[in-house]
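Following: one structure in structure tokens, then a few remarks.
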Amino acid sequence: MFTKPKTKTLFLSSLLLSSTFFSQAHNVSDGYQKPTDPLVIQNLENWQDLKFGLFMHWGTYSQWGIVESWSLCPEDESWTQRKPEHGKSYNEYVEKYENLQKTFNPTQFNPQKWTDAAKKAGMKYVVFTTKHHDGFAMFDTKESDYKITSSNTPFSKNPKADVTEEIFSTFRKEGFKIGAYFSKPDWHSDNYWWPYFPPKDRNVNYDPKKYPERWNSFKNFTFNQLNEITSNYGKIDILWLDGGWVRPFHTIDQNVEWQRTIKVEQDIDMDKIGTMARKNQPGIIVVDRTVPGKWENYVTPEQAVPEKALSIPWESCITMGDSFSYVPNDNYKSSQKIIETLVKIISRGGNYLMNIAPGPNGDYDAIVYERLKEISGWMDHNQSAVFATRAVAPYHDGNFYYTQSKDGKTLNVFHLNDQSTYESPSTLIFTIPEKFKPKSLKVLGLKNKTQWKKSGNSIEVTLPKEKTQLKYSTVIQIMK
């Protein structure tokens, strides 16, 4: 029996979306089903150890410096206004957008440079957009010529033309877990947006029940592309499926605004897709975003952090800048804000998937490398309190945030102050769990022993005058 999922609002005020991005917001639904496959359970447990990942939205749209794909969608014109120089009419705009394939030539593409910077910053997994909603494949699909390896694309002559292969193999060699983002809807496909009808919104523009052969062709096309990704690109740990409006009609939650736009059945046959993916990649985590059930192995709040710890596996995908796609002179978050966000996420039991968008030249902005270098300095001292940890009550108390080692023998207490520049106070007083009996305590990053005393469930730590190395936060590690 199907129970309509209820939605939870999971936003912190400090990370509320700007109006620009509300159309992309995702509520997180109840109805989580724990996997039963032992390999998936183990992979999910290992994934929860990783804590910090790299997300990359990249495609031909980077040449215009616009929001990825969404300007093609009529319903979202309010926040993705098309520029007049890109086309006076909608049809002219689409033509010019799709012709971006013919000028896409990111000759500075060097995935080793990205891998080195991400690894030093403590990132442990990567999720790359193999195909976004616009349908342009960043991998060598045989199902379409709208792809980076097509002779229509200048970069196809480059030995690194199959960027998905290059990114996955390079990151994998450095120990990263590999995630493949894939959009279930495909606005380039004639079997999703049939040219016979104009598109009205993000959904399929015909009724699949009236035209079952066309919809079956689209289902086969999607299945074949996902078979290629999970067969031809080595070990893949996560299949990250976006476009939650492509879903069985009975799973629609009428409490969610964007789901109310779904008027027709768009069942893509996730059982067939998921079974194939698990056959090709035993134990792979499948993330069918916002569609509760056995193929949503973890949930993915976007541009926001849950207010409280969740009892299910989850990951916040949040941009380093303001946009998921490359925008010239983007407003990149400070290292202070990134580390604060990481601490808040892990204290609530989640992972932080931070999006960095490569530009049309195939590289990040210089400021991105500055940020990653600053984060790496903090990670050098504090990584033992971050990775392979789990949430522990009280989770968050004032300016203090908590994690614990999986064996429960080590308690980590992070002090933040939510100021633009962190300054550690001379004395820190905080509570610890009632049953935790501390034997030793140290402040990560400080070489000298730290003075501390316990009174009931409260600990008072006295910090030395010279504590300049306590940048961005103070992290106290307590062993029992």
Side-chain angles (χ1 to χ4, degrees), residues 10 12-15 48-49 51-52 122 305-311 314 316 335-352 378-480:
L10 300 174
L12 279 178
S13 58
S14 61
L15 282 170
Q48 289 180 282
D49 290 344
K51 300 304 177 190
F52 197 23
V305 180
E307 295 172 345
K308 298 179 180 178
L310 302 184
S311 60
W314 65 275
S316 279
S335 297
Q336 178 80 47
K337 176 58 67 177
I338 292 167
I339 288 167
E340 287 173 0
T341 302
L342 175 64
V343 169
K344 291 173 183 178
I345 287 173
I346 65 175
S347 73
R348 288 155 202 185
N351 282 13
Y352 182 4
W378 183 86
M379 281 289 186
D380 286 344
H381 297 299
N382 299 299
Q383 58 185 300
S384 63
V386 174
F387 305 114
T389 59
R390 294 295 184 269
V392 59
Y395 312 111
H396 168 214
D397 184 12
N399 287 331
F400 296 95
Y401 296 81
Y402 300 77
T403 67
Q404 68 174 348
S405 59
K406 288 198 289 183
D407 63 10
K409 294 181 179 179
T410 303
L411 180 70
N412 306 298
V413 183
F414 299 79
H415 178 259
L416 307 175
N417 65 8
D418 286 328
Q419 303 297 315
S420 57
T421 302
Y422 178 81
E423 289 187 13
S424 182
S426 57
T427 303
L428 296 172
I429 301 174
F430 53 89
T431 58
I432 60 172
E434 284 188 22
K435 295 182 180 179
F436 194 88
K437 307 298 181 185
K439 290 184 179 179
S440 63
L441 178 152
K442 62 182 178 181
V443 176
L444 299 182
L446 295 183
K447 294 182 180 179
N448 298 329
K449 287 187 176 180
T450 303
Q451 293 183 331
W452 63 284
K453 59 183 179 181
K454 179 178 180 291
S455 177
N457 291 329
S458 179
I459 285 184
E460 179 178 328
V461 177
T462 302
L463 295 170
K465 292 181 179 179
E466 184 57 43
K467 51 183 185 294
T468 55
Q469 59 270 54
L470 299 181
K471 196 173 182 180
Y472 307 128
S473 68
T474 301
V475 186
I476 300 150
Q477 197 163 68
I478 310 169
M479 281 68 69
K480 69 177 182 180

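All values below were derived from every heavy atom in this structure, side-chain atoms included, with hydrogens, water molecules and symmetry-related copies excluded.
For Ser424 and Thr474, the side-chain atoms include at least one donor-acceptor pair closer than 3.5 Å. Between the side chains of Thr403 and Asn412, at least one donor N or O sits under 3.5 Å from an acceptor N or O.
For the pair Ser440 and Met479, the minimum side-chain heavy-atom distance is below 4.5 Å. Taking the side chain as every heavy atom from C-beta outward, Leu470 and Trp378 never approach each other to under 4.5 Å. The side-chain heavy atoms of Val475 and Val443, taken from C-beta on, include no pair separated by under 4.5 Å. For the pair Leu416/Ser473, a side-chain contact is recorded, criterion being any heavy-atom separation below 4.5 Å from C-beta on. Side-chain contact between Thr341 and Val343: absent, with no pair of heavy atoms (C-beta onward) separated by less than 4.5 Å. Looking at heavy atoms from C-beta onward, Trp452 lies in side-chain contact with Ile459 at the 4.5 angstrom threshold. The shortest side-chain heavy-atom distance between Ser426 and Thr462 does not fall under the 4.5 Å cut-off. Side-chain contact check for Thr450 versus Asn448: every heavy-atom pair is 4.5 Å or farther apart.
When every heavy atom of Ser458 is checked against every heavy atom of Ile429, the shortest pair comes out as OG-CG2, 3.5 Å. Between Ile338 and Tyr352, the shortest heavy-atom contact is O-CE2, 3.5 Å. Counting all heavy atoms, side chain and backbone alike, Met379 lies closest to Leu342 at CE-CD2, 3.5 Å. Here the shortest heavy-atom pairing between Trp314 and Pro306 reads CZ3-CD, 3.2 Å. Taking each heavy atom of Ile346 and Ala385 in turn, the nearest pair found is CD1-O, 4.2 Å. Taking each heavy atom of Ala391 and Arg348 in turn, the nearest pair found is CB-C, 4.1 Å.
Separation of atoms NZ (Lys439) and NZ (Lys409) is listed at 9.5 Å; rounding is to 0.5 Å. Taken from CG in Leu428 to CD1 in Ile476, the straight-line distance is 5.0 Å, to the nearest 0.5 Å. Once rounded to the nearest 0.5 Å, the distance linking NZ of Lys344 with NE2 of His396 reads 7.0 Å. Note that NZ of Lys437 is 13.0 Å distant from CG of Leu411, once rounded to the nearest 0.5 Å. Annotation: the span from Gln404 atom CD to Ser347 atom OG amounts to 12.5 Å, rounded to 0.5 Å. How far CD of Gln477 is from OG of Ser384: 4.0 Å, rounded to the nearest 0.5 Å.
Other residues, nucleotides and ligands contribute over 12 non-hydrogen atoms within 6.0 Å of the CG atom of Asp407. Heavy atoms from other residues, nucleotides or ligands lying under 6.0 Å from NZ of Lys454 number more than 12. No more than 12 heavy atoms of other residues, nucleotides or ligands lie within 6.0 Å of CD in Glu423, so this atom counts as exposed by the packing criterion. Atom NZ of Lys406 sits in a crowded spot, with more than 12 heavy atoms from other residues, nucleotides or ligands closer than 6.0 Å.
Lys51 places a side-chain N or O within 3.5 Å of a backbone atom of Thr389 that can act as its donor or acceptor partner. Judged by distance alone, the side chain of Ser405 and the main-chain N or O of Thr410 form a donor-acceptor pair under 3.5 Å.
Of the candidates Tyr401, Phe400, Tyr402, Tyr401 is the only one forming a side-chain contact (heavy atoms from CB on, under 4.5 Å) with Phe414. Shown are Gln336, His415, Lys471; of these, the side chain to side chain donor-acceptor pair (under 3.5 Å) with Tyr422 is made only by His415.
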